Each structure stands twice: as structure tokens, then as C-alpha cells.
Asker: 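The structure follows.
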Amino acid sequence: MHTGRCELKAASKIIKVDYLSRVEGEGGLVIEIKDGKIARLHVNIFEAPRFFESFLRGRPYSDVMDFTARICGICPVAYQMSSVHAIEKIFGIEVEKPIHELRRLLYCGEWIESHALHIYLLNGPDFFGIESAWASREYLPIAKKGLTFKRLGNKILDILGGRSVHPVSIRIGGFYKTPGKKVLAALLPELKRAYEESLKEIKWAAGLNFNDNSWNTEYVSLTHQDEYPMNHGSVASNKGLNMSMEKFIESVQEYQVEYSTALHSGIKRDSSVSPYIVGPVSRLNLNHDRLPSEIKNVIRESGISLPITNTQMGIIARSVELAYAFYEAIRIINGYDEPDKPFVDFEKGAGEAVWITEAPRGILIHRYELDDAGHVKSCTIIPPTSQNFGHMEADIYRFLQNNADKSEDFIKKESEKIIRSYDPCISCSVHVMKIEK
Amino acid sequence: MTNAKIKKEHLKLIFDRLKTSHRIIGPRLEGNVIVLAEIADFRDIPAGYKEQQGRGTYRLFKNSSQIFSFSVGPDSFKRFMSPPVRENFTFKKSKKGISISQNSSQVREIATAFIGMRACDIAALRLLDKVFLEGPVKDAGYDSLRRNSLIVGINCLYPGDNCFCSSMDAGPEIKDGFDIAVTELDDSFLLEIGTVRGREILNGLPIDEVSDKDLSEKVSKIENCKKMIKKSIKVSELPWLIYRNPEHPRWADIAGRCLACGNCTQVCPTCFCNSSYDNLQLSGISKKLPELSGARIRTWDSCFSTNFARVHGGNFRPSRRARYRQWMSHKLAYWIDQFGSPGCVGCGRCITWCPVGIDITQELEALHAR
Amino acid sequence: MKRPRIGVFKFTSCDGCQLTILNMEDEILDILELFDIAYFREATDKPLRGQFDMSIVEGSISTNWQKEDIVDVRERSRHLITIGACATSGGLQALRNWASLSSYKKYVYPSPDMITALSTSTPISDHVYVDYELWGCPINKDALSETLLSFLIGKKPGIPRYSLCMECKRHGIPCILVSNEEPCLGPITKAGCGALCTSFGRPCYGCFGPKDDANIESLMRYFQNLGLTQKGCISLLDKMNSYAYRKVRIEGSK
Amino acid sequence: MHDKSIPFEATIRWIKKETRDTATYALKINSRDIQRTYAFKPGQFNMLYIPGIGEAPISISSAPTDHEIMHTIRIAGDVTTYISKLNAGDVIGVRGPFGSNWPLEEIEDRDLMIIAGGVGIAPLRSVIRHILMSGRKKKSPSQSLIGKKFILYGAKTPKDMIFRDEFPRYMDTFQVFLTVDKADPEEYWRGEVGLITGLLNKVSFNPLNTVVFMCGPEVMMQSMTKELILRGVPGEKIFISMERNMNCGMGVCGHCMFGPKFVCKDGPIFRFTDIEGFLGIKEI
Ligand SMILES: Cc1cc2nc3c(=O)[nH]c(=O)nc-3n(C[C@H](O)[C@H](O)[C@H](O)COP(=O)(O)OP(=O)(O)OC[C@H]3O[C@@H](n4cnc5c(N)ncnc54)[C@H](O)[C@@H]3O)c2cc1C
Ligand code: SF4
Ligand code: SF4
Ligand code: SF4
């Protein structure tokens, strides 16, 4: 099989991970070490580009949710959420509370599904030194637990969206159809059990063995005064960033690197572009005070000190969010009353809007410009993983500075672990587009 | 048996009486369509609705003071008596052999009352009886459902735009096969009692005597309905018009329009074609093959399915032309040979629910052209 | 019994179809008992080695190197099945086939020359022999399990080839095309999704690709009678399975 | 009577390989009760069931008086391939018997011509064995009541000839004529080479007094029937066994419809004149 598309010229030592595994999509890693120093470090992405933003142009607004969902099979809801909100903003649509809540519930389903997948099947095996979740007998009960959580997330997606990959129910103005109260309530016993279980799992995750990789970097996420962020809020960071969605997209610089089909991005500051990290760690660091006290207590009891400064502790943040997603799902279902109408009427029209939501892997930025007929004139999609690439490289770089003399195998394994702790979704990241100037 | 009469506001009492002992299936609103489904409350009946049915169109609106002003939707008895998906049996296969068990719930007796059934539906049910009960082997599942059903029919007074039951001798008046047949008169409901069971249901309810005036009101209303029926088929031309024209150019013309989607066959109350297959679950398979378990499932199928007439090494009807011809020939000609009458009751469902509006009456007529 | 060796491969795609394997939470442990998952990048570290009894391929062919890789996969596989719209029909990304690649590249990448991609995205079956195709964007779980089982016990998978309408009617869903004039692709699209969209009251948008002998022209004529423009018709068909629908239109159907 | 919609179990007693892709399987019904009620006539078929795989209609190739129920099966697809891998002692599911039979009452006082192509010999072996056996039993008059008896059989190559070892035994009672489409260079073949219709020239028979039982590929049966009628055999006296897709075996699934006929319950054996009008119609 072909793997890394990019070869490096002769160097003293080249370490290559041809093909990253247990991540979504296709990428590799190339490290060049010269005289004990890291001369080059590339997370090279060879996932073939798909040009989503190009063929979205000219399509009716109603296609956007279905099309962008296909960017990623792991987090299609995130794409639907960012795009539906952006377009509703253009049309000036305000959805009612039950719809807002149902969308949040749908997102909970995806967070559960995606987080459980990553914690138990993709990232978990790293802490046990095994090649997959089913490679060892001892790990199997852990994997089973993950599958139980995951099934429940998918169940929510199935009920609300018809299926977990590329759900079909979201439309501009609301849903095509909303579920009855009873149907959702039937999930409660299972959700409650899972919630209790997931609280214990926070302790489990906190007790895993982590390499020390703490550093003072920039964590970026949405924040919202009333809720742990999913669909609404403004963009904030621990380094004082706090701006609207529209403003934020202007301060993000996307750039292309020659070894990757995915664009990288950073925050423009004066003359430099600095990497930042999005995702569960950022969300937790910036929003933990919005968590219910029950979960806060468990965090405290588990000895997790916030903010998390070790980027490899993504699995801890994910475990917290997994429990939170169960908590939220229960809360929403308890307070749910089926709306009179599944969607509000609206009139389409021209306009431009930016919307950002919190995909399981971090903020997902969408911008659309529609013409009078409601057709897409231009668009920008910046997935969380491409925002993280720059940071990922910086992270490995930092780690290797102290470890460049270690064995090749060690370097490979540990670097791959760092990458995996970001839960990169490479298929997502490969169709980013430049921001038109 | 005698007839009876009940005040309009008391019809609900019959419903409530039935509910104590029966699962009730009747007309209900689902989206913009009147379907047949379980109904828990008399108010679920879409009183006062009327549909405009065209070739490939169905529009519902509320405009009538009558309760039963609507006609037929896509569903018929078929959905319940020969359900779209049904389990024939479950099986277990191991080294020792195979064991097959019939799901007892399938044969379980569920007393079901069908209310608001039309003459064409009842006629179609009697055709299904011929298929499932009078062949070489009785269909046990159908038989038990059939025997445990009670039928409250409604005489149609306002036909649908695609109806042609009168020409098929299937309606609009219900002549037999009912427990109670209801006619909505101006100020009351006329109840004709067809069976002892029907009479028992009415015991103790506030029913009145029937006058000659009531009976003549019914007759004139039904006559009036007949006059409103727009479509027809000349049954006297069957089956020869079809038998004589297997190579008529019209078949190819239809094939240009027909999508072979099978909708016509699925909504037709008499189309009975089905397929059985084994449904396996991964959990039903043990590591030591050949141990496995699963269920044999029967689903509605259609002669429009491309592999319906497939055998090893070929398909007897690969073209849409042949498949449409098969369908119409079966309905209007073969059926006469097989069961003694056409397999069509003139309900017009196939015309309404064909996405491209192919009209069986029109296509038959076209076979006259040379 | 020796467990069949399975490989899961990915080409250009969203990963959703291979995720379906991991989404079979109830069955995955059974699958692992019955099959030896010997290559599955999304879930294991196992290196690519040896021959496979069955390869499951997701994604379309859209770069030069993939053209070589798929031949390699075929050579390693006794049976090769493709899963999903990308692998069976080129996927959504096949929309580039009917546009200009250079303008696409330019629109997405600041330095388009750095990107090597074919001007087309094509189904696997355009490149190598495919033993079985599982359609859908994404594929249906039960269909995947039926396919795996069938492989195991030696029969053809029982996957429907008839229209979605049949499935829709079985479920008793009121037809939105007839009752609401909404342009639904059900009559020309394969069943298999479980009549998902229509159960939500939305018209089918063709995830499962054209059914056997789909009469697209007739349905499009009908849509135009309902007031849809020709362009509107094309845009209905030009989605995840544009390649397959276009192919049927060109090749016609009997 | 047993319920024909539910398969019963039968055990394979022995298997005899006939050709490279065909074998005969002798079945014994497991349940005593069903054994007692199970009765078939030559020409009828069973639905053989492999749980998990499916069902296939297969003619009964033994005579009613045989101790076992025999099926002679050619590998064609899923079910038949699976069966080909079974061993003696294995259990399969059976539903039946179904369908019409060869009308033995028609052949009294007449000449009988049995015409078979390929695996189509299977349902005819049932009637052949029936006649052979009834001859042995002194009390049964049926064999002596029949006039001349012919078997005309065509196969692809000598290697594809089913029951080749049994023909010598048949020759005591029948005049046997064999042909192959193509001789096999590796095998000594004394018989004819060419279409089965060609065999008619070899047979001296009185067309007006002949009853024909025929089973084989549809094209073969069509051209053979044409030829026979040309020679004066009345269409009313030609009986052919038809093949169609079958699912239920009892006239409730619609798959096997051939014009107005259900092949499973009106057939598979039809009087030629009853279906003549439909035989020529393409894609009927
Ligand atoms: C009345 C009758 C008698 C027969 N007798 C014999 C016999 O004695 N010996 C013999 O070798 N063959 C016989 N056949 C042919 C045999 O039934 C087919 O070869 C067999 O059904 C193929 O099944 P399969 O599962 O192996 O093949 P597949 O092609 O894998 O079949 C899959 C499915 O297709 C359908 N199907 C395919 N071919 C046929 C067919 N020809 N008839 C009906 N359904 C079909 C069935 O639904 C079957 O389950 C007979 C057929 C009929 C109709
Ligand atoms: S053929 Fe059409 S009109 Fe006749 S009974 Fe069937 S659906 Fe009704
Ligand atoms: S006649 Fe109409 S409903 Fe029937 S298969 Fe053809 S297009 Fe579908
Ligand atoms: S077919 Fe659809 S779901 Fe499957 S990989 Fe392609 S885009 Fe994803």
C-alpha cells in the first residue's frame, strides 16, 4: 500500500509512521532528527481532498445540511448543527425552546457516541499497550462498557435523526418530525444507569498513566453564560480571547503546508500566527463552572486539577463530558414537551452568516453566503481537527525535545499517542478552504 | 336478521362497546392521509374529511357535516390479515439436526374489530379468502386473524374520484360479508345486521326501529353515489381483451411511464404476492458452524420486483413491459381463470397511489386500439 | 473452524460506513468471534499483511495512488465487497466529475498546485472486479450483518433491489409524493434504509442509489409536470449517488 | 395430514453421485407421524429447506413404493450448492409434496414416450421406477396395460448423463435412446450426438397412440413438442413439466405464475394444450 505521500530528502535519521491507526481518516507522521535535534516534524495528511466547499456553491440552502454531514461520518450532527444555525441566522429564524433543546439532545447523542468510541476503542488501548480494543482479554470488559455507552448515544441519534451516521431529521426551522414524549421517556432508565456508571468512569480515566506533557498553551472553545457550550455562545480562550463568532473567523488564519492535503490554522496576532487547541480539554478548562455540582464533585474527588494543562489528558476531559452528556440528555428528556409544530415557517433570502458549534472534537466553524434564491454563493468550513494540526505538531515537538535520543520505536509510539489524544478526524479536515479575501 | 337505527351522537356507543372486547382498526389521520390503524378513541375517526383523488394525487380537506364523507386511503384489510412482514416460523440448526417452531403469538387469537370498511374492501377480503383459505393449503396465520375479526362496514355515499367498484360489482353498497353495515342517513345511522355477533354488539344500546322511509333514503343515497362514480371497466370484455393482446404496442408505451416501483401492488387490496426468506442474526450463529438460528420471514413482494420471476440462470420477465403486463393481466384476466372473478374490486387505489398516475381503466381501454 | 480473515480498507470517504461496523455494538463481539479482523486502520494497529478472505472497501477512487492501491487490495482478496455510496458510486465527491477540477482546487486551496487529485471520483467497480456491492450513504447495519453472515454460511446476501416505495408501503407511511407533491426519489431508489426519510415525512434524497431498472426519465417528466425545472431535477439526482443515477440515465433502462 | 407450510425434518440416508454436478439423495422422514401421512405421486416435488440459506423446489426422483424419498439435484445456486456439501446422516427440512403428477391413467392401452433433457430426467425417473416396480408385482396390471415404452434422453456430454448406470436396467422394459450435444473425446461414447429432436427419427412409434411425458429446458420442450405434433402426436397427449421461480409451493406467493397457471399447484406438469397459448409469448 502507498502511504505517506511526502518523502524527505536524505537526513541523518528519519522516523516515519506511515499510517496512523485508530484515528478517522488517513494520515502519517514524519520526524527528521539531525544531530540529536528535531529538524522537521510533519503530521502529513494524505487523505484525498473532496472539495466540499466547491461543490456546495450553487446548491440550494436545503442541501447544505445533507452535504456537509458527509464531510464526516463520525460527527455528522456537528456539521448539521453548524450549518443549520448559520443558515437560520441568515433567514432570521428563531427556533422555539423545545427545538433548541432537541437539537442539544441530538448533540448529546453524538458526543456520547463519539466520546465513547474514542475513550474506549481508539484511545483507551494506548494506556494498556495493546493494538486494539479487542486485542487483550483484560481490556474486553472495558471495551464492552464503551460499547454500552456508545449504543445509547446511537439510540438517541436513531430516535431523533433516524440513524446515527448522517441523520435525516434536521431541517431549517426545526426538525422534519419531532418525537413523542413517551418515546424519549423510554430512554430514561437506561440513561440514568449509564450516567451513574459514567461518573465512576471519570475516576477510571483520571487514574490512567500519563506522560508529563504540561505546557502553557492556548485553549479555545465556545462559552455561554447559561450552559456548557454546544450550539451557542461566543469564542473564548485562556489567553484572554473573547469574541463573537464573526470576529473569531476573521482572526483565524488558514495556511497550507506542502506535505498535507489538510489546511492548518492558527490565531492571527500582530504579525504572527499562533497555534491553539480546541476540543474537550479546552471546553472543560473554560466552562467547568457550568457543570452540575454532582459532576464537579466527582472531578474533585478524582483528583483532577483544573485547568488541565497536559494535552494528553484529553481522555479525562472526554470522560467528564461523556457523563455530562448523559446528565444533559436526562435533563432535556425530563423537561421535554413535544412542540406543536416540528418546524417554524420562514422565508429564504440572501445574506451571510458565521456559526460555530462544539463538535465532539472542538469548535466547528461554518460561514455561508447565500444569494436571493437561497443558493450558496460561497462558504468556509473550518473543522476542529485542522485547527488542531499546528498545535499537534508543536506538542510532539515539545515532547521530542527531551526525548530525541530515545529509541525509534519509543518515539513512534509516543508521538502517535499524542496525536491520538487529540482524537483527530482527518476525513473532516481535508476539504477546508481558504477564507476568501 | 333485522335492521336498526341509531342516533348520530350514539354511534360512539357502538365504538365503546367494541372497545371493551376488541382491538379496533379503523380510519385515522396520519400526515395528510387517511390510513387504517389501531384507534383508541372514537374521535380519532377523521369525521368530515373528504379527499380529492386524481391520477397520482391525493389531497385531503375538511368540508362536510357528514362523518363518513371520505372514501378509501392506501390501506385495506390486507395490511392486517396478511401483514407486510410476518414470521412464518423460527428455526434452530445444530449438529444434531434442525428444530422448527411456530411462533404461538402468530396464531394467538386477537379479536379485532374493523370499523369503517367499504364495500370494495370487503369484496377484496373475500378474494383474499380464496387465495389464502381455499387453495390446497390453508394459511394458518391468515385463517386465525380472519376468524377473529368483526367487520363494521360503511356504505359509501360519496365515491372517490378513482373509484369504479360499481362496474366490478363490488360496491358501493355492501351486500354481504359484514357483521354490521352502517349507512349515514341525514339524521341518523342505519344499521344493517349481518350476523349474530353483530346483533350482540347492539344489545342494550339505544337503537330505534327502522322505517320504510329510512330504507328508501338509503337506496336513493346509494343510487346517487353510483351516479357520481366516474370510472368504469367493461367486465364483459374480460378476460378476452387481455388474452388477445399480449403483444399490443400499448404495453411498451406503459413501460415508458411505469417506474416498476410496485406501489400499485402494495396498495391493491387483493395483490397478495409475497416472498419468504431466512433472517439470521449474528448472535444466532455459533463459532462452531453450522450451528445457527433465525426466523423465516414473509414479506409483501410484487411482480414488479426485478428478481420476482428469476430462476437459476435467468429471469422470466426482465422488462418493465412484461412486468406491467403481468400485473394487469393477472388482475383482470388470469384471476378469472384462477379464482372465478377478476382480481380487481375497483377501489382505484392503484390509480391514486401510482407516483406517475398510471390508470388501469385507461390502460385497459387503450388495448382496444389497433 | 478457521475464522475468515477480513480486511477493512478506506479510500476517499467520510469514514461513516466503516464506522457502521463499530456501530454494531450488539454484534461486534460476535463478529470478532466469527471473523479475524486482520486489517482495520480505524480500529486497530495491525499492519497490512497477507491475503484476506474478504475485503470490505469504503471510499471512492480519486487520486492516482489509490488507483494502484485498489489493485493491490484486489490482489490480496479472495472476495471484495464495497460499502457505501463512495465506493459503489463515487460518492458526493463525484460531483467534481461534472465540474472543473482546477477551479475546485483553486477555490479550496491557496496553492492548488500542491494538491494532486484526479479530476474524477469513481466507484471501485470502475477499477477492479467487485464481488458484491452494498449501497447506501451510509450503509445499513442490518444489511452489513446480513452480508457478513451470508459470506460465512455461503449464500448470496438477501439485500433488496426493489424500490424504496415497497419498503415505505410496508411500513404504512403515507406517500408524500402523492399526498404532498414533494419530489421524492423513492420510486427510483433502492430500498434498504428502512424508509427513514419518509418516516420523518421528508422526501427520499437517494442515499441508496438507483434501484434495478430505474425509470428516471419518467419520474423526472412527472416532476416537471409538478413544476420542477430541469435544473431542479438534475440537482435532485446529483447527490451522493450522482454517478450512478447519471449512468442509468445515459445507459437507459428497458 | 401434516402442515405443508412448515418444513419437517428428514435425514439423508445415502448419497449417490451421478455426474460432476449432480447427485441423488435418499431421504428418510424423521417423524413417524409424518411418515405415515406423507404420500406422493410420480411427478410431484418437495421444497427442500436449508435453514439460513433457503428453499428450492426439487422433484421427487423415486417411486412412491421406494423405501426412501429420493431427490436428484444439480448444483445451481445457494441451496443446491449447500446440499451438495452434505453427508449421509445430515438433516434437512422438507415441505411437500406439492404439484400435479404424471397422469398415469392416460397411458393405459397406449404407447408411452418419456422425453428428458438434462436434470429433467429426475421427475421422470419417478415414473420409470414406478412402472418398473409395478411390473414386478404380478398383481398390478399397469405395466402390462401400457403398450410400447420409450425413453429419449439428451444430456450435454456423456459425463453429464444422469442415471447412466441405470439405463441398462431400464432397457428390459423400455426402448432407450440416448444422445449428447457433444461427445467427450476422453470417453468412449457409442450413442448419438446431436439434438434430442433428432432421436425421434430412430424411434418407430405410432404417433396417434402415443402419450408423451416430457421434462427439460423450456426451449427443448418447445421444439420437441412442435416436432411431435408435426408427426401427428395429439397435443392433448403431450404432458410437460414446467419450471418457474417458486417460493411457497402452494399457490399463495405468486412467483411461479405462468399465464393464468400457478406452476406449483396447477403444475408443474401440464397438458400441452392447456398452456399452449402461453408458451410462445415472450416474457410471459
Ligand atoms: C417444479 C420444479 C422441480 C425441480 N426439480 C429439480 C430437480 O429435480 N433437480 C434439480 O436439480 N433441480 C430442480 N429444479 C430446479 C431447482 O429448483 C433450481 O435449480 C433451484 O431452485 C436453484 O436453487 P438455488 O438456491 O440452488 O439457486 P439460486 O439461484 O441461488 O436460488 C436462489 C433463489 O432463487 C429462486 N430460484 C432460483 N432458481 C429457481 C428455479 N429454477 N425454480 C424456482 N426458484 C428458483 C429461489 O427462490 C431460490 O431460493 C426444479 C424446479 C422446479 C420449479
Ligand atoms: S387493481 Fe387497482 S382498482 Fe383494482 S382492486 Fe387493485 S388497487 Fe383497486
Ligand atoms: S403502475 Fe405506477 S405504481 Fe405500479 S409499478 Fe408502475 S409506476 Fe409504480
Ligand atoms: S458512502 Fe457516505 S457514509 Fe459511506 S463513507 Fe461515503 S460519504 Fe461516508
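If you're wondering where the values come from, they're calculated on a predicted model, not measured in any experiment. The sequence lines fix the lettering, A, B, ..., with proteins before strands; numbering per chain opens at 1. These numbers come from the heavy atoms of this one structure, side chains and all, not from hydrogens, waters or symmetry mates.
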Asker: For chain C, which of B/Thr299, B/Leu60, B/Thr352, B/Val35 has the most heavy-atom pairs under 4.5 Å?
Answerer: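 Among B/Thr299, B/Leu60, B/Thr352, B/Val35, the one with the most close pairs to chain C is B/Thr299.
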Asker: What part of B/Arg79 gets closer than 4.5 Å to chain C, counting heavy atoms only: side chain, backbone, both or neither?
Answerer: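 For B/Arg79, the side chain is the part near chain C, not the backbone.
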Asker: Please determine, among C/Ser179, C/Gly201, C/Gly186, the option with the most heavy-atom pairs under 4.5 Å with chain B.
Answerer: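 Max contact count across the listed options: C/Ser179.
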Asker: Contact part of B/Arg323 toward chain C, heavy-atom cut-off under 4.5 Å: side chain, backbone, both or neither?
Answerer: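 Contact with chain C: side chain only.
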Asker: When rounded to the nearest 0.5 angstrom, what distance separates CD1 in C/Ile56 from NE2 in C/His79?
Answerer: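 Between C/Ile56 CD1 and C/His79 NE2, I get 12.5 Å after rounding to 0.5 Å.
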Asker: Measure up the B/Tyr324 and B/Trp251 rings against each other and bin them: parallel (under 30°), tilted (30 to 60°), perpendicular (over 60°).
Answerer: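 If you compare the ring of B/Tyr324 with that of B/Trp251, the planes turn out tilted.
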Asker: Based on non-hydrogen pairs under 4.5 Å, which of C/Ser163, C/Ala191, C/Ser218 is most in contact with chain B?
Answerer: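 That would be C/Ser218.
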Asker: Top residue by heavy-atom pair count (under 4.5 Å) with chain C, among B/Ser302, B/Ala260, B/Cys261, B/Ala37?
Answerer: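 That would be B/Cys261.
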Asker: Taking atom types as modelled, find out whether C/Tyr245 and C/Thr189 have a side-chain donor-acceptor pair closer than 3.5 angstrom.
Answerer: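 Indeed, the side chains of C/Tyr245 and C/Thr189 share at least one donor-acceptor pair under 3.5 Å.
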Asker: Tell me whether the NZ or CZ atom of B/Lys78 lies within the 45° cone about the ring axis of B/Trp300 and under 6.0 Å from its centre.
Answerer: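 Yes - B/Lys78 lies over the ring of B/Trp300, closer than 6.0 Å to its centre and within 45° of its axis.
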Asker: Less than 6.0 angstrom from the centroid, inside 45 degrees of the normal: does C/Arg3 satisfy that with respect to the ring of C/Phe35?
Answerer: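 No, C/Arg3 and C/Phe35 do not form such a contact.
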Asker: Sort out for me which of C/Gly172, C/Ser150, C/Cys184 touches chain B most, counting heavy-atom pairs under 4.5 Å.
Answerer: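 Top option by heavy-atom pairs under 4.5 Å: C/Gly172.
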Asker: Mind ranking C/Lys211, C/Lys155, C/Glu217, C/His171 by heavy-atom pairs under 4.5 Å with chain B and telling me who comes out on top?
Answerer: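 Answer, by heavy-atom pair count under 4.5 Å with chain B: C/Lys211.
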Asker: With respect to chain C, which residue among B/Gly31, B/Gly256, B/Ser305, B/Gly262 yields the maximal number of heavy-atom pairs within a distance under 4.5 Å?
Answerer: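 Answer, by heavy-atom pair count under 4.5 Å with chain C: B/Gly256.
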Asker: Quick test of your reading of the model: are C/Lys247 and C/Asp126 salt-bridged, counting only N-O distances below 4.0 Å?
Answerer: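 Result for this pair is yes, salt bridge flagged.
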Asker: Under a 4.5 Å heavy-atom cutoff, which of B/Ala252, B/Gly56, B/Gly54 has the most pairs with chain C?
Answerer: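 Top option by heavy-atom pairs under 4.5 Å: B/Gly56.
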Asker: Is it the backbone or the side chain of B/Val85 that comes under 4.5 Å from a heavy atom of chain C, or both, or neither?
Answerer: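 Just its side chain gets close to chain C.
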Asker: Hey, is NZ on B/Lys92 packed in by over 12 heavy atoms from elsewhere, all under 6.0 Å?
Answerer: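 For B/Lys92, atom NZ is not crowded (no more than 12 foreign heavy atoms under 6.0 Å).
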Asker: One pair to check against salt bridge (Lys or Arg N to Asp or Glu O under 4.0 Å): B/Arg296 and B/Asp278. What are the steps and the verdict?
Answerer: CA-CA 4 Å; B/Arg296 193 154 177 86; B/Asp278 281 357; 2.9 Å; yes
